[in-house]
Amino acid sequence: MKKLLPFLLFALVLLSIPAEAQVRWGVRGGLTDGNPMIGGDVLIPIAGNFMANPSLEFTTELFTANADVHYDIDINATSSFWVGAGLAFVNPEDGDYDGGVNLLGGYGMRRGRWYPYGQVRLTSGGDIDNFTSIHVGVRF
């Protein structure tokens, strides 16, 4: 059951999205604590430029489920950068789940229907060692 908790929380978030919300789904890849990472995310407008951005990420060493929120700062009509924070559920390969806090920043630009982006995130807290994630992705 412990292994299913992040998936259940992620599903609960997705089920609570209003049907009229401008949701963007995305995939990402990069490095987490020096290990290759692959993951996915959802971008959900909350109010104004505030966005909810839950994500799941997998490496060979750990699994993370993140409940991040960020504020978008528009640069022009097609690009923006953001800063934010959130909660992390971390499951190292050889340990139990632990909680953490995320601090993040990123930059993205719209290219037609696609929205390529880059993001840096620092995760800290609990019994886990601090680690950094650097990833690029695309939302559609």
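The first residue in the sequence is number 1, and the count goes up from there.
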_Reported OG-to-CD1 distance for the pair S80 and I75, which is rounded to 0.5 angstrom_ = 6.5 Å

*Test N35 against T59 for side-chain hydrogen bond (donor to acceptor under 3.5 Å, both in side chains), laying out the working first.*
CA-CA 6 Å; N35 296 307; T59 75; 4.7 Å; no

*Members sharing L104's hydrophobic cluster (side chains within less than 4.5 Å)*: W82, Y115, Y117

*Within-4.5 Å side-chain heavy-atom neighbours: L43 and H70*: yes

*More than 12 heavy atoms of other residues, nucleotides or ligands under 6.0 Å from CG of D129: is that the case?*
no

*Provide the closest heavy-atom pair for D98 versus G125 in the form atom of the first, atom of the second, distance.*
OD2-O, 4.1 Å

*asked:* So F131 and V90, do their side chains get closer than 4.5 Å, heavy atoms only?
replied: yes

*Could you list who else is in V136's hydrophobic cluster, with ILVMFWY side chains joined at under 4.5 Å, directly or through other members?*
none

*So if you build clusters from Ile, Leu, Val, Met, Phe, Trp, Tyr with side-chain heavy-atom gaps below 4.5 Å, do F81 and M109 land together?*
yes

*Which atom names give the shortest non-hydrogen contact between A85 and L103, and what distance separates them?*
CB-CD2, 4.0 Å

*Mind jotting down which residue pairs meet the salt bridge (Lys or Arg N to Asp or Glu O under 4.0 Å) criterion with at least one end in residues 53-69? Sequence neighbours excluded, please.*
R28-E57, E57-R121, D68-R121

*Counting only heavy atoms not in I38, do more than 12 sit closer than 6.0 Å to its CD1 atom?*
no

*Measuring from T64:OG1 to Y97:OH, what's the distance to the nearest 0.5 Å?*
10.5 Å

*When rounded to the nearest 0.5 angstrom, what is the spacing between CG in L31 and CG in D33?*
10.0 Å

*Is it true that D41 and R24 have a side-chain N and a carboxylate O under 4.0 angstrom from each other?*
no

*Do you know which two heavy atoms are closest between L56 and A65, and how far apart they sit?*
CD2-CB, 3.6 Å

*Of the non-hydrogen atoms in T32 and S133, which two are nearest, and what is the gap between them?*
OG1-OG, 3.2 Å

*P45 versus Q22, closest heavy-atom pair with distance*: CD-O, 3.3 Å

*ILVMFWY cluster, F50 and I73 together (side-chain gap under 4.5 Å)*: yes

*Might you point out which heavy atoms bring I44 and V42 nearest each other, and give the distance in Å?*
CG1-CG1, 3.6 Å

*asked:* Show, in sequence, the C-alpha distance, side-chain angles and deciding distance for N53 and S55, and conclude whether the side-chain hydrogen bond (donor to acceptor under 3.5 Å, both in side chains) test is met.
replied: CA-CA 6 Å; N53 189 203; S55 64; over 6 Å; no

*Quick check, are the ring centers of F58 and F63 under 6.0 angstrom apart?*
yes

*Working to the nearest 0.5 Å, report the span between CG of N130 and OG1 of T123.*
8.5 Å

*Straight-line distance of N102 CG to L87 CG, nearest 0.5 Å*: 7.5 Å

